[in-house]
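Positions are given from 1 along the sequence. These numbers come from a predicted model, not from an experiment.
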Amino acid sequence: MKTQSIRAQDVRHDWFVVDADGRTLGRLATEIAHRLRGKHKAEYTPNVDTGDFVIVVNAEKVRVTGRKYTDKIYYHHTEYPGGIKATSFARMQAEHPERVIEKAVKGMLPHNPLGRAMFRKLKVYAGPTHPHAAQQPQTLDI
């Protein structure tokens, strides 16, 4: 038996739509990261971007369990001394609901140039509509 390695030009990237309405954030993010990496395909190769494009709609309706709605904190630094900023999940969900899913998925992808290429294939929208109808995405029930 020989191990088959697929080349980047031979990869076929499909498009999928995921509805985040009522879904738990972490469980949704793991399935999205799995699709972005391409691990669901038989021709998965770790050093090639074999994943698919994923469109997430209704990001504003994603839910979290326990006390995360009030207690979960997102941090970022402005690169200035003393410039650490904190935002709660509730505020992030109200102001930028797309970023909640983006941050959860980005943390599950490789932290290198290949992971950044995979992350660019994620499209998140707060509402139920998206501008990618021309790609004829399939509905994904995960």
(request) Using a 4.5 Å cut-off on heavy atoms from C-beta on, say whether the side chain of K123 contacts that of H130. (result) no

(request) Using a 4.5 Å cut-off on heavy atoms from C-beta on, say whether the side chain of V11 contacts that of D49. (result) no

(message) Test your reading of the model: is there a side-chain donor-acceptor pair from T45 to the backbone of E43, 3.5 Å cut-off?
(response) yes

(message) Distance to the ring centre below 6.0 angstrom and angle to the axis at most 45 degrees; does that hold for K121 and F119?
(response) no

(message) Are H77 and Y75 packed together at the side-chain level, in the sense that at least one heavy-atom pair is separated by less than 4.5 angstrom?
(response) no

(message) Are the side chains of L36 and I32 in contact, using a 4.5 Å heavy-atom criterion?
(response) yes

(message) For a 4.5 angstrom cut-off between non-hydrogen side-chain atoms, does H40 reach D52?
(response) yes

(message) Within the 4.5 Å heavy-atom criterion, are T70 and F89 side-chain neighbours or not?
(response) no

(message) Tell me whether V64 shares a hydrophobic cluster with V56, the cluster being built from Ile, Leu, Val, Met, Phe, Trp, Tyr side chains joined at under 4.5 Å.
(response) yes

(message) Within the structure provided, determine whether V48 and R7 are in side-chain contact (heavy-atom separation under 4.5 Å).
(response) no

(message) Is there a path of hydrophobic side-chain contacts, each under 4.5 Å between heavy atoms of I/L/V/M/F/W/Y residues, joining V124 to I55?
(response) no

(message) Check this for me: does any side-chain nitrogen of one of R12 and D14 sit under 4.0 Å from a carboxylate oxygen of the other?
(response) yes

(request) Tell me whether I6 is reachable from L114 by hopping between hydrophobic residues (I, L, V, M, F, W, Y) whose side-chain heavy atoms are closer than 4.5 Å. (result) no

(message) Ignoring hydrogens and geometry beyond distance, is a side-chain donor-acceptor pair present between Y44 and R37 at under 3.5 Å?
(response) yes

(message) For a 4.5 angstrom cut-off between non-hydrogen side-chain atoms, does Y125 reach E98?
(response) no

(message) For E31, is there an ion pair with R27 - N to carboxylate O distance below 4.0 angstrom?
(response) no

